[in-house]
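Okay, structure first, notes after.
Keep in mind it's a predicted model, so treat the numbers as computed, not measured. Values below: all heavy atoms of this structure, side chains included; hydrogens, waters and symmetry mates excluded. Each ligand, and each atom within it, is numbered from 1 in the order the structure gives.
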Amino acid sequence: MFSNAPTKNPTVLAWLEDKIKLVNPDKVVWIDGSDEQIEALRAEACSTGEMIKLNQELLPDCYLHRTAVNDVARVEGRTFICAPTKEEAGPTNNWMDPSEAYEMLYDIAKDSYKGRTAYIIPYSMGPVGSPFSKAGIELTDSIYVVLNMCIMTRVGFNVLDSLGDSNDWVRGLHCRCDIDEEKRYICQFPQDNTIISVNSGYGGNVLLGKKCFALRIASYLGRKEGWMAEHMLILGIEYPNGDVKYITAAFPSACGKTNLAMLIPPEFLKNKGYKVWCVGDDIAWLRVGADGRLYAVNPENGFFGVAPGTNDKSNPNALATTMRDTIFTNVVHDLDNNTVWWEGLNDNPPVNAIDWKGNPWDYRKYDKNNKAATAGAHPNSRFTALAKNCPCISSEFNSTVGVPVSAIVFGGRRAKTAPLVYQSFNWQNGAFVGSIMASETTAAASGAVGVVRRDPMAMRPFVGYNMGDYWAHWIEMGKKIPNAPKIFHVNWFRTDDNGNFIWPGFGDNMRVLLWILDRCEGKVDAVETPIGYVPKVEDLQLEGLDIDEATIKELLRVEPDWWKEDIVNIKEFYELVGDHVPAEMYEELAALEKRLG
Ligand code: GTP
Ligand code: SPV
Ligand code: MN
């Protein structure tokens with residue numbers, strides 16, 4: 001079948017032969033990631049209407065894609081961890097018996113490429129050839145997937161060269177089928193290094209290198225091999241003297257990772273010479289380095305970022321990144337100048353426009369309280385953009401060893417309970433802080449929006465095994481890192497009685513990051529509270545901020561009654577996670593309860 005195959009790897013060839021026989025395409029194409037091939041695929045996608053070529057003067061090499069209306073976000077209810085036993089997947093994951101899952105999925109996949117082309121994408125998560133990187137092959141019948149993977153991962157035959165005859169690669173089969181919601185399944189088989197995704201064409205469901213591989217499969221491998229795969233951004237803060245310190249931060253989907261990773265410092269800090277460098281905006285692979293510090297690598301090659309709310313004030317770096325080589329998904333098409341628009345881009349919605357569903361759109365009918373029905377762009381509309389086009393991309397982006405991490409930050413959307421920032425007492429307590437994270441749900445996954453749910457380490461939808469064992473792995477890792485990062489928790493989303501955010505957020509979050517790094521260096525004292533250490537107001541750099549001291553105190557307030565209420569919910573969640581919850585977590589919970597009085 002493969003006289004022209006760019007590899008002799010027997011495991012690769014056998015798997016492909018088998019799967020291609022199953023899906024039965026008219027044609028098979030190997031993706032080498034070359035400019036010529038990408039250009040030809042773009043042209044083909046435009047000829048069928050799968051993509052729209054945008055104004056090439058204003059947006060060179062940019063395209064627009066609209067997904068099916070029923071296929072706009074990750075589908076957690078249809079995502080499965082197919083481990084040998086239900087217990088290995090744990091109570092927070094959907095589970096299917098692997099042999100039953102294979103049978104059902106192969107039945108759906110059978111002949112589904114008929115009349116279509118099979119694209120074989122060899123890709124690397126992490127720089128090709130780095131000892132920390134991992135190879136994958138995705139078989140797909142979607143040009144949109146190919147073009148997105150060519151942005152989000154490192155695609156090319158050099159991945160196969162570097163793999164050689166090794167069997168250490170992740171198998172990914174994607175079949176669009178009929179985009180039938182009832183037959184949509186996103187299945188991970190961690191023990192088999194395998195992912196099968198059927199009946200979707202949307203982002204996290206089908207760009208198999210991302211959540212399926214770099215988090216679900218990788219978290220399983222990380223536990224086995226002694227490292228960590230986390231839903232974290234990675235950023236570097238450069239001080240005026242040239243020193244750069246690195247922070248990773250885990251916030252749930254659509255809770256501010258991309259924004260924080262690329263933030264622009266407030267004016268007075270910029271004037272002093274502070275800079276922020278982005279290493280990654282969504283996923284971090286973390287390993288212990290020879291010097292006993294924790295090192296972070298971003299396994300991705302681009303950003304699959306939330307479009308709505310992105311503008312030249314909230315995130316100018318993200319906006320600049322999308323000005324070339326970008327695929328926009330489910331945003332508004334401005335027909336007058338053949339560009340794109342989304343809610344929150346600016347105050348000039350296009351007059352002559354098509355909405356994300358492909359219908360004519362009248363911006364005057366937009367109702368903030370009924371976004372779902374009246375928005376021009378889907379709330380989870382996204383841009384797929386190359387990391388190298390980001391104005392603040394770190395010089396360490398392609399580093400094969402990663403960057404040393406000074407601080408790990410957890411955070412979520414909490415209208416009340418969590419203060420602006422607090423520091424955990426130590427690694428174990430920090431892991432506990434991660435385990436009790438909670439956040440309001442967002443449009444990144446299908447289902448209700450704005451409901452508080454527990455989302456430990458921002459990994460609830462992404463841990464490829466039992467959540468309790470994942471917490472145990474966190475605790476174990478702490479013992480293996482002599483110079484471990486300090487662990488913090490932030491909340492940019494505390495609201496006043498009218499529901500307005502109290503903290504300005506975005507670039508001003510830098511003020512909180514500087515306090516965090518000061519704490520890591522032992523440069524400032526803090527106030528001890530039952531949940532951890534909070535800043536003394538005078539240690540926060542508040543220059544140029546229009547907030548009075550009372551408001552800052554309100555932002556930093558730890559209200560024991562709110563926390564006691566939360567503990568009821570935490571206990572329920574711990575019970576749900578069940579008997580794999582490590583004893584250390586219950587110790588921490590008891591200690592917190594005691595401190596709260
Ligand atoms: P995923 O890509 O889904 O994992 O999400 P993400 O964590 O990268 O989220 P992103 O940075 O795209 O933020 C999503 C939403 O949060 C956008 O609507 C932002 O405008 C909003 N947001 C980000 N940072 C802040 C902040 O500091 N304050 C407030 N109020 N909103 C913010
Ligand atoms: C998320 O939902 O956390 C994302 C987008 O980053 S997706 O790739 O669709 O998972
Ligand atoms: Mn994400």
Side-chain angles (χ1 to χ4, degrees), residues 67 71-76 79 145 148-149 151-153 186 197 200-216 230-235 249-264 278 280-284 300 302-311 313-315 317-319 329-330 342-345 371 377-385 409-415 420-421 439-447 449 455 458-462 490-495 499-513:
T67 64
D71 188 28
V72 293
R74 283 182 295 101
V75 279
E76 295 179 3
T79 299
V145 167
N148 273 274
M149 286 293 284
I151 297 172
M152 295 306 296
T153 73
I186 320 300
S197 165
S200 174
Y202 185 82
N205 298 333
V206 296
L207 309 179
L208 301 185
K210 197 172 176 57
K211 296 297 162 56
C212 303
F213 176 170
L215 288 179
R216 297 195 190 101
E230 299 295 333
H231 193 198
M232 288 178 176
L233 67 91
I234 311 165
L235 67 78
F251 309 154
S253 302
C255 289
K257 290 184 299 303
T258 305
N259 279 272
L260 192 70
M262 301 175 191
L263 76 81
I264 292 193
C278 172
D281 82 325
D282 198 46
I283 297 176
E300 301 193 281
F303 310 121
F304 186 58
V306 177
T310 306
N311 60 54
K313 290 201 180 56
S314 67
N315 195 346
N317 281 320
L319 199 60
T329 300
N330 292 341
W342 50 77
E343 279 71 19
L345 173 63
K371 280 188 197 165
H378 188 277
N380 191 37
S381 55
R382 299 218 172 214
F383 52 81
T384 320
V409 181
F410 292 122
R413 284 177 190 263
R414 295 301 298 270
L420 180 63
V421 57
S439 194
E440 292 161 26
T441 52
T442 66
S446 62
V449 168
D455 189 350
M459 282 286 282
R460 185 172 183 152
F462 307 122
V490 299
N491 178 21
W492 315 137
F493 300 93
R494 216 173 221 193
T495 54
N500 300 311
F501 296 124
I502 310 176
W503 177 248
F506 301 98
D508 287 312
N509 293 334
M510 171 102 175
R511 302 167 191 270
V512 174
L513 298 185

- [ ] Using a strict cut-off of 4.0 Å, indicate which atoms of ligand 2 neighbour a heavy atom of S253.
- [x] 1 (C), 2 (O), 3 (O)
Open item on the list: Just to be sure I read this right, does ligand 1 sit under 4.0 Å from the backbone of N509, its side chain, both, or neither, counting only heavy atoms?
Closed with: side chain
Task: Any P308 heavy atom less than 4.0 Å to ligand 1 - done: yes
TODO: Return a yes/no value for K210: is any of its N or O atoms, backbone included, closer than 3.5 angstrom to an N or O of ligand 2?
DONE: no
Open item on the list: Please tell me whether N509 and W503 have a donor and an acceptor in their side chains that are separated by less than 3.5 angstrom.
Closed with: yes
Open item on the list: Do S381 and N330 pair up side chain to side chain, a donor and an acceptor below 3.5 Å, judged on atom types alone?
Closed with: no
Task: Metal check, the Mn ion (ligand 3) vs K257 N/O/S, cut-off below 2.8 Å - done: no
Open item on the list: Can you confirm, on distance only, whether ligand 2 has an N/O atom lying under 3.5 Å from any N/O atom belonging to K211?
Closed with: yes
- [ ] Give the numbers and elements of all ligand 1 atoms closer than 4.0 Å to a heavy atom of V306.
- [x] 12 (O)
TODO: May I ask you to list the atoms of ligand 2 that are less than 4.0 angstrom from any heavy atom of H231?
DONE: 3 (O)
Open item on the list: Taking 4.0 Å as the limit for heavy-atom contacts, which would you say applies to T442 with ligand 1: side chain only, backbone only, both, or neither?
Closed with: neither
- [ ] Could you tell me whether G203 and ligand 2 have an N or O pair separated by under 3.5 Å?
- [x] no
- [ ] Give the contacting part of R413 toward ligand 1: side chain, backbone, both or neither, where contact means a heavy-atom distance below 4.0 Å.
- [x] side chain
- [ ] Measure from atom 19 (C) of ligand 1 to every heavy atom in N259, N315, N491 and give the option owning the shortest one.
- [x] N259
TODO: Just jot down the ligand 1 atoms closer than 4.0 angstrom to any heavy atom of W492, in number order.
DONE: 27 (O)
